[in-house]
Number of protein chains: 2
Amino acid sequence: MTNSGEFIRGFTDYIILSILSKFDSYGYEMSKIIEYVSKSNIQLTEATLYIALKRLLNDEKITTYSGKNKKGMSRRYYQITPKGKKAIKEFRKDWVLIENTLSSLFGGNFEYYRES
Amino acid sequence: MTNSGEFIRGFTDYIILSILSKFDSYGYEMSKIIEYVSKSNIQLTEATLYIALKRLLNDEKITTYSGKNKKGMSRRYYQITPKGKKAIKEFRKDWVLIENTLSSLFGGNFEYYRES
DNA sequence: ACTAATATATAAACATACTATGTATAAACA
DNA sequence: TGTTTATACATAGTATGTTTATATATTAGT
């Protein structure tokens, strides 16, 4: 999808936090997860991803540690913090509202009484 | 909802086109429709709205005409064009993909096989 | 008269995404 | 062994769109 980045702007941080809610992960793997889950329709460019990780670290919503995978390759792993867990929990409520509102608007199934 | 603007960024143009798919409208009314449909959770600030209208006019996705409502008040109405109808039709397919992907990610109900 | 609601619009500041680029290691293959 | 591809991390500069703040004007209610 072209311009997918413009659509998911604002959601990037929560996509990352959602993944890290399931397991610790590293940048490249997270980009592959998004590619896989979206069936290649949505793409997070590396720049966007790494800048978002920096932002989340700065906000203390995630922490990081160096590790090695089974093959001995260096990986920079990220882990969600209690503050990050709180943020994603609150966001999930917002997402329900956003999803319902946008679906109503885009689907045209809303009523609005025009008085004039 | 705080920061709702950051979430709906990128969707603004399509929110407007969706409303104009139902009836011709004017800026202030559209902002009220969004407020009403979102139950005040999502807000399009005036600046965002009028700049989006300008952008859509420039892209020839909408046209405008001056009119008066029942009370004789001047209103600047906007109308969707065939080009605008085509754009919203295509976007609706994208929305299904975006909605499914984000809901999977946020809900955590996705599977990903980690090989290493 | 005064205040709130309705209505349109722009400038400056801010936030975040994208393109392009650079670096490095490991795996696959000829 | 040399080359290519995939994996992996990171930053500078640019583009785009939102927000805050501000300006202007009309209508409705008290």
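The basis for the numbers below is simple: all heavy atoms, side chains too, and nothing from hydrogens, waters or symmetry mates. We name chains A, B, ... by the order of the sequence lines, and we start the count at 1 in each one. All of these numbers come straight from a predicted model, not from anything done at the bench.
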Engineer: Kindly say if A/K54 contacts the phosphate of D/dT11, meaning a side-chain N or O under 4.0 Å from OP1 or OP2.
Structural biologist: yes
Engineer: Would you say the ring centroid of B/F7 lies under 6.0 angstrom from that of A/F91?
Structural biologist: yes
Engineer: Measure CE/B/M30 against C1'/C/dA7 and give the value in whole Å, please.
Structural biologist: 12 Å
Engineer: Does the structure place the NZ or CZ of A/R114 under 6.0 Å from the centre of the six-membered ring of B/F23, at an angle of no more than 45° from the ring's axis?
Structural biologist: yes
Engineer: Under 4.0 Å: is that the gap between some side-chain N or O of B/Y28 and OP1 or OP2 of C/dT6?
Structural biologist: yes
Engineer: Is A/K32 salt-bridged to A/E29, going by a charged N under 4.0 Å from an acidic O?
Structural biologist: no
Engineer: May I have the distance from A/E29 (atom CD) to D/dA6 (atom P), rounded to whole angstrom?
Structural biologist: 18 Å
Engineer: Decide if the gap between the ring center of A/Y14 and the ring center of A/W95 is smaller than 6.0 angstrom.
Structural biologist: no
Engineer: Determine, for A/Y112 and B/K22, whether the Lys NZ or Arg CZ falls below 6.0 Å from the six-membered ring centre while staying within 45 degrees of the axis.
Structural biologist: no
Engineer: Could you state the atom-to-atom distance from CZ of B/F7 to C1' of C/dA17 in whole Å?
Structural biologist: 16 Å
Engineer: Quick one: A/L44 CG to C/dC18 C1', roughly how many Å, whole number?
Structural biologist: 12 Å
Engineer: Pick the closest DNA chain C nucleotide for A/F11 and for A/E46 by heavy atoms, then say which residue is nearer the 5' end.
Structural biologist: A/F11
Engineer: Whole angstroms only, please: what is the OH-P distance between A/Y50 and C/dA17?
Structural biologist: 16 Å
Engineer: Which residues satisfy the side-chain hydrogen bond (donor to acceptor under 3.5 Å, both in side chains) test with A/E6, sequence neighbours excluded?
Structural biologist: B/R9
Engineer: Collect all protein-nucleotide pairs involving nucleotides 14-17 of chain D in which both atoms are nitrogen or oxygen and the distance is under 3.5 Å.
Structural biologist:
{"unit_1": "D/dT16", "atom_1": "O2", "unit_2": "B/R9", "atom_2": "NH2", "d": "2.6"}
{"unit_1": "D/dG17", "atom_1": "O4'", "unit_2": "B/R9", "atom_2": "NH2", "d": "2.4"}
{"unit_1": "D/dG17", "atom_1": "N3", "unit_2": "B/R9", "atom_2": "NH1", "d": "3.1"}

Engineer: Find the bend of the helix from C/dA1-D/dT30 to C/dA30-D/dT1 as the angle between its two terminal axes (five pairs each), to the nearest 10°.
Structural biologist: 30°
Engineer: Output yes when at least one side-chain N/O atom of A/R76 is less than 4.0 Å from OP1 or OP2 of D/dA10, else no.
Structural biologist: yes
Engineer: Nearest-Å distance, CG (A/D59) to P (C/dA15)?
Structural biologist: 12 Å
Engineer: Quick check for you: among D/dT7, C/dT6, C/dA11, whose closest atom lies nearest to any side-chain atom of B/K32?
Structural biologist: C/dT6
Engineer: Kindly assign one of parallel, tilted or perpendicular to the pair A/Y77 and A/Y26, based on the angle between their ring planes and the thresholds 30° and 60°.
Structural biologist: perpendicular
Engineer: Under a 3.5 Å cutoff, is there a donor and acceptor pairing between the side chains of B/E99 and A/S103?
Structural biologist: yes
Engineer: Measure CD/A/E35 against C1'/D/dT7 and give the value in whole Å, please.
Structural biologist: 13 Å
Engineer: Separation of A/L57 atom CG from D/dA10 atom C1', in whole Å?
Structural biologist: 13 Å
Engineer: Under a 3.5 Å cutoff, is there a donor and acceptor pairing between the side chains of A/T45 and A/T48?
Structural biologist: yes
